[in-house]
Amino acid sequence: MSSKSQRAPSRKSRREFLATSAALGISFTIVPRHVLGGQGQTPPSERINVAGIGCGGMGGGDIATVSKLGANMVALCDVDEARAAGTFAAHPQARRYKDFREMLDKEAKNIDAVTVGTPDHIHAVASMAAIRAGKHVYCQKPLTHTLHECRELTKAAKAAKVATSMGNQGHASEGSRLTNEWIQAGVIGEVREVHCWSDRAGRLWKQGIGRPTDTPSIPPTLDWNLWLGPIAERPYHPAYAPFGWRGWWDFGTGAIGDMGCHIIDHPVWALKLGAPTAVEARTTHDGTLLEGNKLNFETFPIAAIIYYEFPARGNLPPVRMTWYDGGLMPPAPAELPAGQKLPDNGVLYVGSKGKMYHGSHGGMPQLLPGELHEAAKAVPKTMERSPGHYEEWVNACKTGKQPAASFDYSGPMTETALLGVLSLRAPGTKLLWDSENQKVTNVPEVNQYVHTEYRKGWTL
C-alpha cells in the first residue's frame, strides 16, 4: 500500500470506507496499535468521533462506556456544569457546550456520532437534530417523551440510514435470547397472559404531588432555560432537576417510561406483540385503586395498573399484558417453590404448559414448574448472540449493521410503553388505539396528549 493510500480519509469518507470494507470483506493494513494508540488501545484509524449530549447520570455512564470501547469524545454538552463535572474532567480535550444545537452546528464536520443522555423531554429534539445532521445516535430510554415524537424519530432514523440504539441494555443479554428461544420453542406452551411490574414510582422520585409554590434561586452552574428546552416555561425548583423530573408529566414518563423499556421489552420481542389495540389504566393517589379518579395533572399517580390488549399475530393468539408499578404486583404463582419470591422488577409469562419469569434487563428466565428446565435444555440456540449492548452500537457506526435495539425495534416498543402513559390520562376508561394513525378512536379528547406543543424556537 502506498504512503498516499495510507493517509487517513476525511471523516465522511472514513465512515464510508469502514462500512464498505466490512461489507465486502476487504482487508487493509493498519499501523500497529503500539504506534497509534498505545498497547491494547484502539488506534485512531478505527475510532469513531463522538459528541455527548447530557453528561451526568446515565448520560455520563454512556459516554464513559463508549469511550472505553475506543470512541474519541470530541465534544460534550450539558446545561449543568456541576452535574457534568465528572465527565468534563474525564475528557479534558473535549470542547464544551451548553446548547446542543450550537454544538451540532459547530462540530458537524468533526463528529460521526452522538449520545443522548438527557431527561426524557429532551430526547427527541436532541436525537432528531443529530439525525438531521447525518450522525449516528445512541439515545437513552424511553426513546422519546411523546408518541408522536417516537414515530417521527423512528421514521427519520430509517430514512437517514444512520446507526441507532436505545438504552435498553438488557436487549443484548443472554437471558433475553433464552426467553425468545424457549417461548418460541413452546416450552411453556401457548402464551395468552403476561404480567410486568416495577417497584419504581415513589421509591426513587415523588409522584402524586402538586407543583411547588416557592421559587428558589437557580444554581449558577445551571442554564434553566435550556434545561426546559421545548417545554412551557416554569420557575426552577429542585423538585424537577437534576433528578425528580421523572415523576412530572411535563418532563418524564413515570415508572413505565423509566423501567418499562427494560421490562416490557422482552415480552414484546419474544411474543412478537406488535402494537396493542386497547389499553386501560387503574390509578391511585391514596393507596386505593379507583376508576375515573381525578388526576393530579402535575405528576404521575403514586401507583398504577395498566391493561394492554394485543391482537392475534398469524398463528400466535391474542395476549393480555398487565403492567403494575408503585409497589403493586401480580399474585405470586402457586408453583413458586417455598421461600422464593418474584423479583422486584420483572415479567411473568403464563403459558398453557407452564409459566416463566425473569427480572428486568433480560434477567435469566426461570421455569415453573422447575421440571420444564429439562425440556429447555433441548432447545437449540437459534438467535445470534450479542457482543454487548454498547459494542453493537459502536460496531454499527463502523459497519452499518444495525444493533438489535435500533430505533426500528425500540421505536415501536417505546410506543407501547408510551401508550400506557397515555392511558393514565383517563384512568378507568378503555382506550381503543389506532396505531397506524396514532389516535384514540373512542375518547378523542385524550389525543391532545399524543404530542406536546413546543415552546417558540424549538422544533422536532
Side-chain angles (χ1 to χ4, degrees), residues 120 123-124 141-155 158 166 168 191-198 249 252-261 263-283 289-293 295 297 300-301 304-314 316-325 347 407-453 460:
D120 296 353
H123 285 186
K141 52 75 196 165
L143 190 57
T144 65
H145 188 224
T146 72
L147 284 153
H148 172 74
E149 290 173 338
C150 200
R151 184 69 58 88
E152 292 303 307
L153 191 63
T154 302
K155 290 192 297 187
K158 187 171 185 177
M166 188 177 78
N168 52 329
V191 177
R192 293 174 175 265
E193 180 184 345
V194 177
H195 300 270
C196 305
W197 65 93
S198 174
W249 287 102
T253 48
I256 194 167
D258 177 46
M259 291 299 290
C261 292
I263 295 171
I264 68 171
D265 176 15
H266 306 289
V268 165
W269 195 16
L271 295 170
K272 305 176 182 179
L273 290 181
T277 53
V279 63
E280 182 177 356
R282 298 284 191 274
T283 65
L289 287 176
L290 302 174
E291 295 187 18
N293 61 305
L295 279 175
F297 275 92
F300 287 84
I305 295 179
I306 301 172
Y307 305 98
Y308 289 91
E309 295 179 10
F310 295 89
R313 291 96 51 225
L316 298 174
V319 171
R320 181 177 174 87
M321 183 173 78
T322 306
W323 167 267
Y324 312 75
D325 65 39
V347 184
F407 292 1
D408 277 349
Y409 169 82
S410 294
M413 188 269 287
T414 299
E415 285 191 30
T416 296
L418 295 180
L419 184 59
V421 173
L422 186 68
S423 74
L424 294 170
R425 297 285 191 173
T429 303
K430 179 185 285 191
L431 305 181
L432 303 182
W433 181 241
D434 176 358
S435 176
E436 183 177 356
N437 296 300
Q438 280 206 316
K439 67 179 182 180
V440 174
T441 59
N442 63 324
V443 189
E445 58 267 29
V446 177
N447 290 318
Q448 64 181 301
Y449 302 113
V450 170
H451 187 48
T452 302
E453 183 178 352
L460 185 60

Q: May I ask you to test the Cys150-Met413 pair for a side-chain heavy-atom distance under 4.5 Å?
A: no
Q) Is the backbone of Leu431 close enough, under 3.5 Å, to the side chain of Asn442 for a donor and an acceptor to pair up by distance? A) no
**Q.** With His148 via ring-ring contact (aromatic ring centres under 6.0 Å, His included) - residues at least two apart
**A.** His451
**Q.** Main-chain N/O of Tyr307 paired with Arg282 side-chain donor or acceptor, under 3.5 Å
**A.** no
Q | Validation row: Leu273, Thr416 side chains within 4.5 angstrom (heavy atoms) | A | no
**Q.** Rounded distance (nearest 0.5 Å) linking atom CD of Glu415 with atom CG of Leu422
**A.** 11.5 Å
Q: Hey, could you give me the OG1/CG distance between Thr253 and Leu143, rounded to the nearest 0.5 Å?
A: 11.0 Å
Q.
So, using salt bridge (charged side-chain N to carboxylate O under 4.0 Å, His left out) as the criterion, who are the partners of Lys272 when residues are at least two apart?
A. none
**Q.** Option from Asp265, Thr154, Thr414 for which side chain to side chain donor-acceptor pair (under 3.5 Å) with Tyr409 holds
**A.** Asp265
Q) Does atom CD of Glu436 have more than 12 heavy-atom neighbours from other groups under 6.0 Å away? A) no
**Q.** Shortest non-hydrogen contact from Ser198 toward Met259
**A.** OG-CG, 3.4 Å
Q: Looking only at non-hydrogen atoms, find the nearest pair between His145 and Gly252 and report the distance.
A: NE2-O, 3.1 Å
Q) Okay, side chain of Asp325, backbone of Ala304: is any donor-acceptor separation there less than 3.5 Å? A) yes
Q. Between OG1 of Thr277 and NZ of Lys430, what distance do you get to the nearest 0.5 Å?
A. 8.0 Å
(Q) Do Leu418 and Thr144 make a side-chain contact, defined as non-hydrogen atoms from C-beta onward lying under 4.5 Å apart? (A) yes
Q. Can you check whether Val450's main-chain N or O pairs, donor with acceptor, with Gln438's side chain at less than 3.5 Å?
A. no
Q | Where Ser435 and Arg151 come nearest, the two heavy atoms and their spacing | A | O-NH2, 2.8 Å
Q | Shortest non-hydrogen separation from Glu445 to Gln448 and the atoms involved | A | O-NE2, 3.0 Å
Q) What pair of heavy atoms forms the shortest contact from Met321 to Pro267, and how long is it? A) SD-CG, 4.1 Å
Q.
When you measure from the side chain of Tyr308 to the backbone of Gly420, do you find a donor-acceptor pair of N or O atoms at a distance under 3.5 Å?
A. yes
Q.
Are the side chains of Arg313 and Val319 in contact, using a 4.5 Å heavy-atom criterion?
A. yes
Q. Roughly how far, to the nearest 0.5 Å, is CE of Met166 from CG of Leu153?
A. 11.0 Å
Q.
Does any part of the side chain of Pro318, heavy atoms only, come nearer than 4.5 Å to the side chain of Arg192, both counted from C-beta?
A. yes
Q) So, does His195 use its side chain to make a donor-acceptor pair with the main chain of Val347 at under 3.5 Å? A) no
Q: Please examine the side chains of Val279 and Trp433, heavy atoms only from C-beta on, and report whether any two atoms are closer than 4.5 Å.
A: no
Q: Nearest 0.5 Å please: distance from the CG atom of Leu432 over to the CD atom of Glu309.
A: 8.5 Å
Q) Does atom CD of Glu453 have more than 12 heavy-atom neighbours from other groups under 6.0 Å away? A) no
Q: Specify whether Trp249 and Phe300 have parallel, tilted or perpendicular ring planes, treating 30° as the upper limit for parallel and 60° as the lower limit for perpendicular.
A: parallel
Q) Is it true that Asp120 and Lys141 have a side-chain N and a carboxylate O under 4.0 angstrom from each other? A) no
Q) What is the minimum heavy-atom distance between Cys261 and Gly257, and which atoms define it? A) SG-O, 4.2 Å
Q) Measuring from Trp323:CH2 to Leu424:CG, what's the distance to the nearest 0.5 Å? A) 10.5 Å
